[in-house]
Novice: 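Quick one: structure below, then a few questions.
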Number of protein chains: 2
Amino acid sequence: MVTIADVAEKAGVSISTVSYAMSGKRSISPATRERVEAAIDALGFQPHQAARSLASSSTNVIGLQAPLRPGVDVHVVMEIVTGVVTQMRTRGYDILLLTGDDAHGIERVARGSMVDALLVMDIESDDPRIAALSQLEQPSVLIGLPAGRRNLPCVDFDFEGAGWMAVSHLAELGHKRIALLGSPEEVMTRHTSYADRRDRGFAEACASEKVVGSVHPCPAGADAVDALDAILAEDPSITGFFIHNEAALPHLVARLVELGLHSAEKPAVVALCPENVALSVPTLTESIAVPAFAMGTAAADAITEMLGGARQPGVRLIPPTLTTHER
Amino acid sequence: MVTIADVAEKAGVSISTVSYAMSGKRSISPATRERVEAAIDALGFQPHQAARSLASSSTNVIGLQAPLRPGVDVHVVMEIVTGVVTQMRTRGYDILLLTGDDAHGIERVARGSMVDALLVMDIESDDPRIAALSQLEQPSVLIGLPAGRRNLPCVDFDFEGAGWMAVSHLAELGHKRIALLGSPEEVMTRHTSYADRRDRGFAEACASEKVVGSVHPCPAGADAVDALDAILAEDPSITGFFIHNEAALPHLVARLVELGLHSAEKPAVVALCPENVALSVPTLTESIAVPAFAMGTAAADAITEMLGGARQPGVRLIPPTLTTHER
DNA sequence: CTGAAAGCGCTAACAG
DNA sequence: CTGTTAGCGCTTTCAG
């Protein structure tokens with residue numbers, strides 16, 4: 001292994017000069033800098049991160065907890081993760097990936113000083129991890145928005161606004177009775193933060209727009225069709241549909257077309273999903289995009305600010321946009 | 001921050017005793033061990049990982065490169081990653097996640113001693129990263145199977161066998177002309193290893209079974225339907241379909257049902273996808289499961305062996321299984 | 001503008 | 001069975 005001492009020797013300078021030449025934390029004469037740089041890539045020197053961490057007490061690593069719980073939208077999770085990784089790399093950080101869904105992994109990596117900060121996904125309205133995060137030395141940012149006092153910075157998509165927007169749009173199209181087909185039962189019962197907020201926005205908008213709305217959990221895949229049929233059996237007067245379930249979406253839309261309830265000419269569906277998912281569904285004419293990648297980069301930006309010393313919590317919500325797809 | 005010295009003082013022993021009590025690398029009297037353990041959790045001591053790494057020159061971190069390229073099956077990637085993380089945690093390792101698709105990130109983390117080993121996904125038949133990996137001090141395992149000499153350990157699903165199995169089954173059902181609807185164009189042109197092997201198995205089985213097979217790339221989502229229509233327009237005598245494209249699957253199956261070419265009574269489709277994806281498609285009666293989670297754990301096991309000193313490359317392929325779904 | 005040297009917190013000889 | 005101590009490879013004072 002080639003160390004900073006090898007570089008120093010080769011360049012004919014002291015190791016501190018090499019260190020400073022790399023960090024730029026004090027001025028180095030152009031000539032010296034030149035020789036140091038030449039030595040560095042002649043030897044292929046790469047500083048040992050553990051040594052660096054130990055001396056500087058910072059790791060340049062961010063912990064990212066991305067639990068893969070049942071019912072989550074895989075595309076959304078993946079895109080958020082990619083957004084985080086991509087953005088943090090531009091700032092010189094790597095990502096340590098945790099997949100557990102409790103505070104254990106978080107505490108372990110934080111207390112072992114393996115990370116400079118933590119990013120936590122899939123937040124529940126009343127999330128037990130928040131207390132644990134607050135105890136840590138390292139700053140953290142939630143991707144999601146818990147209920148109640150927000151003592152940690154939060155980044156999320158405005159799901160409440162999206163719920164409201166969907167209703168407004170469907171009402172504008174003339175629909176008087178609207179069903180929200182949302183997340184699977186599991187997601188609802190653990191009160192995943194986005195589901196709660198989406199439902200709230202939906203309900204409030206229905207009241208405001210004077211339309212009748214109903215909220216239904218929705219299983220993934222083909223079973224979703226049965227759920228839809230049951231909903232329509234109970235209330236055949238429903239004509240508008242707000243769908244937020246990536247895995248059920250294609251099946252639901254196909255069924256609605258089959259039933260003659262939805263078509264490009266007579267749209268009855270607003271979907272809430274990543275844009276590429278929406279585009280992959282034929283006859284889906286309008287959707288509100290879940291900007292998953294942007295959520296990841298926004299979270300990365302928030303964490304960067306925390307690392308820079310910012311200390312006020314703060315909530316950032318990315319606003320919803322409705323898109324019409326030409327078919 | 002509480003250090004090993006604090007623990008030693010509180011327990012009334014030397015720091016080496018504390019260290020050895022934790023690692024078990026030498027015998028400690030029960031009484032001493034007791035006091036050390038008491039001190040450890042009285043103080044909430046957690047060893048500083050960078051210090052540990054520096055002293056022991058091992059990080060207990062594995063680098064996992066999971067490029068999210070266009071056309072990859074997101075569920076498969078996610079499940080493999082989850083399998084890797086889960087399994088490595090049971091062995092005390094954490095995962096550093098890289099999302100780039102070239103050798104840069106790999107070399108950076110390896111040369112900076114940030115990881116003990118590397119796991120690389122989405123391998124192409126002639127993958128440029130292999131040369132880079134071979135240069136590293138750290139061992140590595142490929143999730144995928146490149147063509148040619150295999151100087152690195154490989155773990156994968158037997159896609160060639162799966163291609164063969166699909167054809168045999170469809171031939172058994174009486175199909176004489178079979179279309180393989182596979183990955184999107186991008187995946188084909190970069191010669192992703194699994195696509196090449198699947199196609200080869202498919203072609204060889206067709207020859208052996210004396211059926212006529214044709215291989216078609218297939219776009220994601222709704223566009224897949226157009227591709228299917230075009231294929232059938234060109235050769236209407238095709239009756240059997242082998243589909244390996246998670247994002248196109250529901251649309252293709254729906255279309256085939258619509259055309260009267262597929263039904264539970266007269267099955268014409270074998271899908272290749274994770275089981276939960278298959279289960280989510282109505283009227284899909286048979287599929288070969290891509291055991292993505294198991295691939296992840298198998299890769300983790302292979303890496304563990306490498307870390308244990310194993311040095312022969314070796315290839316492990318998980319065999320395919322055909323499942324019939326009751327509908 | 002540059003060097004010398006004191007740690008960072010731990011592991012693993014070495015020495016009882 | 002336990003203690004002492006020399007590093008691991010950097011960063012960052014302190015001293016020119």
Side-chain angles (χ1 to χ4, degrees), chain A residues 1-37 39-40 43-61 92 108-116 137-138, chain B residues 1-37 39-40 43-61 92 108-116 137-138:
Chain A
M1 144 159 260
V2 32
T3 76
I4 198 174
D6 301 328
V7 176
E9 187 178 4
K10 174 133 192 165
V13 298
S14 72
I15 62 169
S16 58
T17 297
V18 176
S19 178
Y20 284 119
M22 302 189 76
S23 70
K25 289 190 183 174
R26 78 183 185 191
S27 38
I28 303 283
S29 79
T32 310
R33 171 184 298 284
E34 196 100 335
R35 273 182 303 128
V36 169
E37 271 161 10
I40 284 175
L43 298 175
F45 170 66
Q46 190 90 29
H48 190 289
Q49 291 304 321
R52 196 194 273 258
S53 297
L54 184 56
S56 68
S57 48
S58 87
T59 60
N60 273 23
V61 172
R108 185 173 51 79
V109 301
R111 306 252 312 278
S113 302
M114 298 179 74
V115 298
D116 291 343
E137 278 186 8
Q138 291 91 340
Chain B
M1 147 159 259
V2 32
T3 76
I4 197 174
D6 301 327
V7 176
E9 186 178 4
K10 173 132 191 162
V13 298
S14 72
I15 63 167
S16 59
T17 298
V18 176
S19 178
Y20 285 119
M22 301 190 77
S23 68
K25 289 191 183 174
R26 78 182 185 191
S27 36
I28 304 282
S29 79
T32 308
R33 172 183 297 284
E34 196 99 334
R35 272 182 304 130
V36 170
E37 272 162 10
I40 284 176
L43 298 174
F45 170 66
Q46 190 91 28
H48 190 290
Q49 291 304 320
R52 195 194 273 257
S53 296
L54 184 55
S56 68
S57 48
S58 87
T59 61
N60 273 23
V61 172
R108 184 174 51 80
V109 300
R111 305 252 313 280
S113 301
M114 299 180 73
V115 299
D116 290 343
E137 279 186 7
Q138 292 89 340

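Each chain gets a letter, A, B and so on, in the order the sequences are listed, and its residues count up from 1.
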Novice: With a 3.5 Å cut-off and sequence neighbours excluded, list the donor-acceptor pairs that the side chains of residues 29-36 of chain A form with protein atoms.
Specialist:
residue, atom, partner, partner atom, Å
A:Ser29, OG, A:Thr32, N, 3.2
A:Ser29, OG, A:Thr32, OG1, 2.7
A:Arg33, NH1, A:Ala21, O, 3.4
A:Arg35, NH1, A:Ala11, O, 2.6

Novice: What pairs with B:Arg108 under side-chain hydrogen bond (donor to acceptor under 3.5 Å, both in side chains), at least two apart in sequence or on another chain?
Specialist: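 For B:Arg108 the side-chain hydrogen bond (donor to acceptor under 3.5 Å, both in side chains) partners, ignoring immediate neighbours, are A:Asp94.
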Novice: Just how far, in rounded Å, is P of C:dA4 from CZ of A:Arg26?
Specialist: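 Rounding to the nearest Å, CZ of A:Arg26 and P of C:dA4 are 11 Å apart.
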Novice: Using a heavy-atom cut-off of 4.0 Å across all strands, would you classify B:Ser53 as base, sugar-phosphate, or nothing?
Specialist: nothing
Novice: Between B:His48 and B:Ser53, is a side-chain contact (heavy atoms from CB on, under 4.5 Å) present by the stated rule, with each step listed?
Specialist: CA-CA 9 Å; B:His48 190 290; B:Ser53 296; over 6 Å; no
Novice: Considering the terminal five base pairs at each end of the helix from C:dC1-D:dG16 to C:dG16-D:dC1, what angle separates the two local helix axes, rounded to 10°?
Specialist: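 Between the first-five-pair axis and the last-five-pair axis there is 40°.
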Novice: What residues form a side-chain hydrogen bond (donor to acceptor under 3.5 Å, both in side chains) with B:Thr17, not counting sequence neighbours?
Specialist: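 Counting only residues at least two positions away or on another chain, B:Thr17 forms a side-chain hydrogen bond (donor to acceptor under 3.5 Å, both in side chains) with B:Ser14.
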Novice: Considering residues at least two apart in sequence or located in another chain, which fulfil the side-chain hydrogen bond (donor to acceptor under 3.5 Å, both in side chains) criterion with B:Thr59?
Specialist: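 For B:Thr59, the residues satisfying side-chain hydrogen bond (donor to acceptor under 3.5 Å, both in side chains) (neighbours in sequence not counted) are B:Asp116.
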Novice: What is the distance, rounded to the nearest whole Å, between atom CD1 of B:Ile28 and atom C1' of D:dG3?
Specialist: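 B:Ile28 atom CD1 is separated from D:dG3 atom C1' by 11 Å.
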Novice: Return a single string for nucleotides 6-11 of chain C, one symbol per nucleotide in 5' to 3' order, where B is base contact, S is sugar-phosphate-only contact and - is none, cutoff 4.0 angstrom on heavy atoms.
Specialist: -BBBBB
Novice: CD1/B:Ile40 to CD1/B:Ile4 distance, rounded to the nearest 0.5 angstrom?
Specialist: 8.0 Å
Novice: D:dC1 phosphate, OP1 or OP2: any side-chain N/O from B:Ser29 under 4.0 angstrom?
Specialist: no
Novice: Taking atom C1' of D:dT11 as reference, at what distance in whole Å does atom CD of A:Gln49 sit?
Specialist: 13 Å
Novice: Distance check needed: D:dC1 P versus B:Glu34 CD, whole Å only.
Specialist: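 Going from CD in B:Glu34 over to P in D:dC1 covers 15 Å.
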Novice: Quick check on A:Gln46: does its CD atom have over 12 non-hydrogen neighbours (other residues, nucleotides or ligands) under 6.0 Å away?
Specialist: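 Enclosed.
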Novice: Would you mind reporting whether A:Gln49 and B:Ser113 have side-chain heavy atoms less than 4.5 Å apart?
Specialist: no
